[in-house]
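Scroll down for the structure; my scribbles are underneath it.
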Protein chains: 2
Amino acid sequence: MKYSKQRELILKTVRENRVHPTADYVYHFLKKDHPNLSLGTVYRNLNLLSENGDIRKICIPNARDRFDGRMDRHYHMVCQECAEVFDIELNCLSKLEEEISSRTDFTVHGYDVIITGVCHTCQHKLNESKKEVS
Amino acid sequence: MKYSKQRELILKTVRENRVHPTADYVYHFLKKDHPNLSLGTVYRNLNLLSENGDIRKICIPNARDRFDGRMDRHYHMVCQECAEVFDIELNCLSKLEEEISSRTDFTVHGYDVIITGVCHTCQHKLNESKKEVS
DNA sequence: ATAGGTGCAAAGTCTTTGCGCTTAA
DNA sequence: TTAAGCGCAAAGACTTTGCACCTAT
């Protein structure tokens, strides 16, 4: 693959901005200092990079796709209130691939775990507003 | 919630068609016998039903959302070749919620595991075409 | 009677793509 | 030199929504 400044910047942005950015986030983040950047280029490169295994695409119900620069084994928690995505390490999944291959004839390339719920901050806010009502 | 014939049909379709149908599938499936049905109604009801916990919405990278009428604990394998979705039961996830609550302050509502790879049929086809080349 | 649901079509949102120009190799 | 990549804008895919009509309660 031919080098491009844009791709380098996009990869850097996903790696360094640990918010699991959307394509739009990456675009606006870079647009400030690189006014010629186009959204199409961002999409093209995010897809390229995730196909190449340089970044991960995270698919979340009722939300747009996000990208993750961390390629080590970890999983994701999504807050239903604020829509933020948090990382988590889980021990009990270490045997997952093993179990799948022994129980099915499916060739496993990868897997993702998406935990949905409410983050600490939002839970706190919800508790506060409950108090106000009662 | 007020009863509607359309909603009943849509729920029945998702429950009985174990292909993890997309909204479009449900629409065309029912349209045959119910020509007045509109796609908007299908979307509205699929979203309603999944919010109510009657069905599950499955979000798959690079594919449209699918719906699942099985509400018991199980997970999903997606074939990257044919895009079909298969169910799988996994034992090692039984302690997952426990581990998350003990390790984080995240309130877990649910989680989904999406395993990507290649199904048996497609793997076979891939092997065949390799043979042809060599 | 009336709140909620439907059908329809239009509008939205997010993403991809065609094309002429640019640039890394 | 030239194939890959870019910027732009238009098109595409999928989903939501406003509104007038309909229907379960």
Side-chain angles (χ1 to χ4, degrees), chain A residues 1-14 17 19-52 54-68 78 80 83-85 114, chain B residues 1-14 19-52 54-68 78 80 82-85 114:
Chain A
M1 184 164 32
K2 202 165 83 171
Y3 170 84
S4 96
K5 184 67 186 167
Q6 288 86 337
R7 185 175 314 118
E8 188 190 343
L9 286 166
I10 290 162
L11 177 56
K12 188 167 140 67
T13 304
V14 175
N17 289 65
V19 295
H20 307 87
T22 60
D24 201 58
Y25 179 101
V26 173
Y27 173 66
H28 285 107
F29 181 87
L30 289 172
K31 189 79 174 173
K32 289 177 292 185
D33 295 324
H34 307 272
N36 292 328
L37 182 68
S38 91
L39 187 54
T41 297
V42 172
Y43 274 105
R44 264 189 293 244
N45 280 297
L46 287 172
N47 287 335
L48 254 174
L49 289 166
S50 66
E51 279 160 28
N52 288 354
D54 294 318
I55 62 176
R56 288 212 263 174
K57 190 183 228 175
I58 316 171
C59 186
I60 296 162
N62 307 313
R64 46 210 306 196
D65 289 344
R66 287 162 167 271
F67 295 87
D68 188 353
V78 185
Q80 294 170 325
E84 269 194 67
V85 178
I114 307 281
Chain B
M1 185 162 31
K2 201 165 86 171
Y3 171 84
S4 97
K5 184 68 186 166
Q6 288 86 338
R7 180 151 51 240
E8 188 190 343
L9 286 167
I10 289 162
L11 177 55
K12 188 168 140 66
T13 304
V14 176
V19 295
H20 307 88
T22 60
D24 202 57
Y25 179 101
V26 173
Y27 173 66
H28 285 106
F29 181 86
L30 289 172
K31 189 78 174 175
K32 289 177 288 185
D33 294 323
H34 307 273
N36 292 329
L37 182 68
S38 89
L39 186 55
T41 297
V42 173
Y43 274 107
R44 263 190 295 244
N45 281 296
L46 287 172
N47 286 336
L48 256 173
L49 290 165
S50 66
E51 279 160 27
N52 288 353
D54 294 317
I55 62 176
R56 288 212 262 174
K57 190 182 228 177
I58 316 171
C59 185
I60 296 161
N62 308 316
R64 48 208 307 195
D65 289 343
R66 288 163 167 267
F67 295 87
D68 188 354
V78 186
Q80 295 170 326
C82 65
E84 269 194 69
V85 177
I114 307 281

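The sequence lines fix the lettering, A, B, ..., with proteins before strands; numbering per chain opens at 1.
- B:Thr41 pairs by the side-chain hydrogen bond (donor to acceptor under 3.5 Å, both in side chains) definition with B:Ser38, not counting sequence neighbours.
- Under the side-chain hydrogen bond (donor to acceptor under 3.5 Å, both in side chains) criterion, B:Asp68 pairs with B:His74, B:His76, sequence neighbours left out.
- Contacts of A:Glu8 classified as side chain to side chain contact (heavy atoms under 4.5 Å, CB included), with partners at least two apart in sequence or in another chain: A:Tyr3, A:Lys5.
- Every side chain to side chain contact (heavy atoms under 4.5 Å, CB included) that A:Ser4 has, sequence neighbours left out, goes to A:Gln6, A:Arg7.
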(message) Output one letter per nucleotide in nucleotides 2-12 of chain D: B when a protein non-hydrogen atom lies under 4.0 Å from the base, S when only the sugar-phosphate is that close, - when neither is.
(response) -BBSSBB----
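- Taking the C1' atoms of five terminal pairs at each end of the helix from C:dA1-D:dT25 to C:dA25-D:dT1, the two resulting helix axes are inclined by 40°, rounded to 10°.
- In terms of the side chain to side chain contact (heavy atoms under 4.5 Å, CB included) criterion, residue partners of A:Tyr27 (sequence neighbours excluded) are, by chain and number, A:Lys31, A:Leu37, A:Leu39, A:Val42.
- Using a 4.0 Å cutoff to heavy atoms of chain A, the contacted part of DNA chain C runs 5' to 3' from C:dC14 to C:dA25.
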(message) Between B:Val14 and B:Leu49, is the side-chain contact (heavy atoms from CB on, under 4.5 Å) condition met? List the steps.
(response) CA-CA 10 Å; B:Val14 176; B:Leu49 290 165; 6.0 Å; no
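- B:Glu51 meets the side-chain hydrogen bond (donor to acceptor under 3.5 Å, both in side chains) test with no other residue; sequence neighbours excluded.
- Across all strands, A:Asp24 comes closer than 4.0 Å to no nucleic acid atom at all (heavy-atom distances).
- Residues passing the side-chain hydrogen bond (donor to acceptor under 3.5 Å, both in side chains) test with A:Glu84: none are found, sequence neighbours excluded.
- Remark: B:Arg44 pairs with no residue by the salt bridge (Lys or Arg N to Asp or Glu O under 4.0 Å) rule, at least two apart or across chains.
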(request) Apply side-chain contact (heavy atoms from CB on, under 4.5 Å) to A:Phe67 and A:Val26, showing your working. (result) CA-CA 9 Å; A:Phe67 295 87; A:Val26 173; 5.9 Å; no
